[in-house]
Structures are given as C-alpha cells and as structure tokens.
2 protein chains.
Amino acid sequence: MAIDTSRPAIVAVPRLELRESVTAALRELIFTGAFATGERLVETELAERFGTSRGPVRDAFAELEQVGLLTSGRGKGTYVRELTTIDVDELYTLRQSLETLAVRRAVDRLGETVVDELNGHVSAMEVAFAANDPVAAASADMAFHRTILEGADHGRLLVAWERLADQTRLLMHALSQILPEQRLGGLDHGPIVSAFETGDTVAAEMAIADHLDQARSIVMQSFAARDAASDLSD
Amino acid sequence: MAIDTSRPAIVAVPRLELRESVTAALRELIFTGAFATGERLVETELAERFGTSRGPVRDAFAELEQVGLLTSGRGKGTYVRELTTIDVDELYTLRQSLETLAVRRAVDRLGETVVDELNGHVSAMEVAFAANDPVAAASADMAFHRTILEGADHGRLLVAWERLADQTRLLMHALSQILPEQRLGGLDHGPIVSAFETGDTVAAEMAIADHLDQARSIVMQSFAARDAASDLSD
DNA sequence: GAGAATTTGTTCGTATGTATC
DNA sequence: TGATACATACGAACAAATTCT
C-alpha cells in the first residue's frame with residue numbers, strides 16, 4: 001500500500017481531455033445565448049479565452065459542427081447556426097420518428113421509478129415556466145424526453161437523438177427571444193406519462209407523436225411570424 | 001508494400017481539403033476490407049501512407065469515430081469497429097424508423113424518373129450478386145435506399161441515415177466473410193418499387209419496413225451463428 | 001483591382017500517458 | 001513490479017487563403 005498517497009484526489013478524478021472540456025464549455029455558451037445566432041467564432045479568440053492553444057478549439061469546432069450547432073465553409077470561418085422554418089420542421093418530424101421508436105421500446109422496459117422521474121421533470125418544467133426561466137424550462141423538457149430515450153436501451157437511437165436535442169436547445173434559445181410569453185408552457189406531458197403508467201404502448205406512441213406535432217406547430221408559427229416581420233423591416 | 005491509395009486524380013482537384021480526402025480514402029479502405037475489424041490504426045503510419053502530416057489523419061479519425069466506423073478509448077488508440085448482434089439489431093431497427101419516414105415523404109414527391117432509377121439499382125444488384133461481387137452488391141443496395149432518402153427532401157434525415165449507411169457497409173463486409181453464399185440476394189426490393197409506382201404511401205411504408213425486418217432477421221442469424229462458433233473455438 | 005491584415009489549414013516538436021516486456 | 005518503447009494530445013510556427021481597405 002505504499003503507493004503515492006501524496007495527491008490521491010487528482011488521480012481519482014478521471015482526466016478530462018482539453019478538447020472535451022472546451023467542447024462542453026462552448027456548447028453551454030451557445031445554449032445560454034452568450035453567442036448570438038449567426039455570430040462568427042474565431043479560433044484564436046476562443047483559444048485565448050479558454051487558455052489553450054488552437055488545437056482543442058479546432059477539435060471542438062469540428063464536433064459541434066457535426067452536431068449541428070455550428071456551420072463552416074471552406075476557410076471561411078465558423079458560425080453559430082441560424083435556424084429557419086425548414087430546420088424547425090426537420091427537427092420535429094425527425095424527433096417524432098425517433099421518439100416514437102424510443103417509446104415503443106421503452107414502455108415495456110420501464111417501471112414505476114421511471115414514471116416518478118418523468119413526473120419530477122414535469123414539475124421542474126412547471127416551476128421554471130412559472131419563474132419565467134426559459135433556460136431551466138428547456139433543460140427540464142429535454143431531461144423528460146431524454147429519460148424516455150435512455151429507457152429505450154438503444155445506443156444509436158440515443159446518439160441520433162442527442163444531436164437533435166442539442167439543436168433543439170439552440171432552437172429554444174432563439175425562440176425565447178421571439179416568443180417571450182412561452183406559449184410552449186401550454187404543452188401537456190400528462191398523456192405521455194399516463195400511457196407509461198398503464199403500460200399502453202400504442203397510446204404512448206400516439207401521445208408522444210401528438211405532443212411533438214403540437215410543439216412543431218407552435219414553433220413553426222413563431223418562426224414564420226418572425227420571418228414575416230424581418231422581411232418587412234428589410 | 002502496403003501503400004498506394006494515391007491512384008485517384010492526384011492533383012486534379014486542388015480545392016479539396018486534406019482532411020476530407022484522407023477521410024474519404026480511409027472510409028473506402030474500411031469498406032473494402034483493407035483493414036480487418038478490430039485492427040488498430042496508427043496516426044503516424046497512415047500519415048506516412050497518405051503523404052501528409054498527422055493532423056489531417058487525426059481529423060479523419062475524429063470524423064469516422066463520429067460516424068461509427070472507428071472506436072477509440074482515452075489514449076488507447078483507434079480501432080476499426082467490431083460489430084455485435086446488438087449493433088445489427090440497432091442498425092436495422094433504426095434504419096426502419098428513418099426509412100419509413102423517408103418513404104412517407106418521398107412517395108408523393110417522386111415521379112417516374114425515380115422509379116426508373118430504383119429499377120436500375122435493383123438490376124445492378126442482381127448482376128453483382130450473380131457475379132458474386134459483394135462490394136458491388138452492397139454499393140447498389142445502398143444506392144437504392146439512398147435514392148429514397150434523397151427523395152424525402154429532409155437534410156437531417158439524410159445525415160442521420162448516412163451514418164447508418166456507412167455502418168451498414170462495414171457490416172456488409174463483415175457479413176461477406178461469414179456468409180459467402182449471399183443469402184441477402186434473396187431479398188426482394190420489388191414491393192417497394194411497386195408501391196412507389198402506384199403512389200400508395202401506406203403500402204410503401206409497409207414494404208420498406210418489411211424489407212428491413214427481413215434483412216435484420218437474416219443478418220442477426222448469421223452473426224449469432226458466428227458468435228456461437230467463435231465461443232466454441234475459444 | 002492590388003495589397004495588407006486577419007484567419008484558417010497544415011506541419012512538426014514535445015510532453016504525457018498507455019501498453020508491453 | 002519496474003523500466004522501456006511508443007502513440008497520442010497539445011502547443012507553436014509556417015503557409016495558404018480570404019476579407020477588407
């Protein structure tokens with residue numbers, strides 16, 4: 001047992017690679033709106049800001065571009081993605097497809113503890129909406145859906161969904177600036193939870209599909225209104 | 001003697017980033033089985049092989065890991081992914097979900113020219129199977145499905161599918177070594193094309209779902225048999 | 001449209017951590 | 001286990017390309 005007990009704490013913590021912590025930091029900055037949509041991100045700037053070289057920043061750019069949070073052209077820089085009504089339609093129709101599959105697989109597998117967890121996220125969502133905290137509301141909302149996705153026990157499904165979840169977070173922030181009154185708060189997660197409680201697979205599939213259709217409709221309307229307004233101002 | 005993938009139009013296209021051409025070359029080498037599944041890939045080796053520095057190779061590793069063709073651990077190197085029966089199940093169930101959505105959107109949009117294109121891919125597939133050319137058969141098969149996906153006019157759906165398509169190519173190569181007689185040749189694409197011809201959306205959805213279910217069943221059986229055999233030999 | 005400034009793409013050196021004998 | 005070999009993550013400088021003046 002005479003092994004280097006001088007600094008056990010450091011060894012205990014799993015070493016986080018710089019590229020990952022930079023990626024996580026950037027992701028969070030995007031979600032919280034520290035960067036405006038369409039804003040250009042410069043490697044050297046962020047490298048200095050994070051106290052690293054350009055390498056890890058470059059890696060983070062590449063990953064976040066894959067995820068769909070950033071866009072870049074040939075040597076033309078990297079920008080925070082701007083979402084259009086087409087993007088909104090794609091996001092929600094694809095999420096509908098993925099989450100329907102997730103529900104189908106998850107209903108049988110999940111027990112009461114998960115229903116409690118789902119209810120917890122719903123409560124957190126209501127609190128956040130009441131407090132007019134869109135970031136917290138979005139977090140709770142995504143946590144609700146993530147719980148279902150993780151219950152599906154399907155690695156590739158989860159990975160595919162996580163990319164859309166990240167883009168949804170970006171979307172939510174854009175939306176919070178368009179739609180202050182949070183009409184999304186009116187969306188009901190109840191039927192989904194109920195179907196999970198009774199173990200009714202078909203009802204659960206229909207509930208999640210319906211839920212995402214309503215969300216799509218609301219968000220599409222908001223974006224269409226924004227685009228119409230910006231067209232006028234141009 | 002292990003060199004020379006530098007056959008393609010060498011300097012003909014100057015406007016391709018090194019990272020992209022390295023990624024494409026690596027992808028092709030994996031599909032054609034130049035690397036065995038589970039084989040370790042070393043940055044310095046491939047950099048020398050491609051005549052570049054380690055940077056672009058590193059970038060290519062990162063992208064192909066995202067795609068699911070490579071795996072890597074923390075400082076443990078990068079390896080060609082090994083597929084299990086669980087991976088096969090995930091691949092085909094998720095493809096079923098995505099391609100069903102694609103069909104739903106594509107049927108209305110696509111005209112006669114696309115039906116001709118689909119028939120062309122089916123013919124190419126039959127020729128390849130008759131010639132016992134699994135690589136060409138896999139190419140034609142994926143081209144068939146890609147045609148449908150592109151017809152869906154849904155960028156994110158296409159991107160998500162392409163990742164699975166790449167992994168399916170990897171799977172096909174592994175399968176060609178397990179199952180020489182190509183039982184997959186028995187799979188029929190006819191009902192899918194027919195439904196497209198008549199414009200029957202529901203029939204098309206059922207046809208593609210059924211098709212992928214059959215493929216999944218065949219491939220799962222093959223992998224289960226392989227695993228059982230390797231368990232005995234251990 | 002030419003040239004300067006800035007930013008990205010690429011290369012290579014070095015240190016840290018892993019695997020192996 | 002201890003020491004060695006080695007691959008990778010990071011840093012820094014060079015080169016090419018784009019944008020702005």
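To find a chain, count down the sequence lines: A is the first, B the second, and so on, and within it residues start at 1.
- Here the nucleotide nearest the side chain of A/Arg54, chosen from C/dT7, D/dG11, C/dG9, is C/dG9.
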N/O donor-acceptor pairs under 3.5 Å from side chains in residues 61-73 of chain B, not counting sequence neighbours:
{"from": "B/Glu65", "atom 1": "OE1", "to": "B/Ser72", "atom 2": "OG", "distance (Å)": "3.1"}
{"from": "B/Glu65", "atom 1": "OE2", "to": "B/Ser72", "atom 2": "OG", "distance (Å)": "3.1"}

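- Pairs of residues two or more places apart, or lying in two chains, that qualify as ring pair (Phe, Tyr, Trp, His ring centres under 6.0 Å) and include a residue from residues 138-163 of chain B are B/Phe144-B/His189, B/His145-B/His189, B/His145-B/His211.
- Sorted by first and then second residue, the side-chain hydrogen bond (donor to acceptor under 3.5 Å, both in side chains) pairs involving residues 34-47 of chain A (not counting sequence neighbours) are A/Glu43-A/Arg54.
- Where A/Thr52 and B/Glu45 each meet DNA chain D at their nearest nucleotide, the meeting point lying more 5' is that of B/Glu45.
- Between B/Glu43 atom CD and D/dC10 atom C1' there is a gap of 12 Å when expressed in whole angstrom units.
- One can place CG of B/Leu18 at 16 Å from P of D/dA15, the figure rounded to the nearest angstrom.
- Remark: C1' of C/dC12 and CD of B/Glu48 are 15 Å apart, rounded to the nearest angstrom.
- In this entry the distance linking CZ of B/Phe50 with P of C/dT10 reads 14 Å, nearest Å.
- Less than 4.0 Å separates DNA chain D from at least one heavy atom of each of the following residues of residues 55-66 of chain A: A/Pro56.
- For A/Arg105 and B/Asp89, the salt-bridge test passes: some basic side-chain N is under 4.0 Å from an acidic carboxylate O.
- For A/Ser139, the side-chain contact (heavy atoms from CB on, under 4.5 Å) criterion is met by A/Arg169, not counting sequence neighbours.
- Qualifying side-chain contact (heavy atoms from CB on, under 4.5 Å) partners for A/Arg49, counting only residues two or more places apart in sequence or in other chains: A/Leu29, A/Phe35, A/Leu46.
- To the nearest angstrom, P of C/dT8 lies 9 Å from CG of A/Leu46.
- In this entry the distance linking CD of A/Glu20 with C1' of D/dT8 reads 14 Å, nearest Å.
- For the pair A/Arg40 CZ and C/dT7 C1', the computed distance is 6 Å after rounding to whole Å.
- For A/Gly51 and A/Lys76, each mapped to the nucleotide of DNA chain D holding its nearest heavy atom, the one lying further toward the 5' end belongs to A/Gly51.
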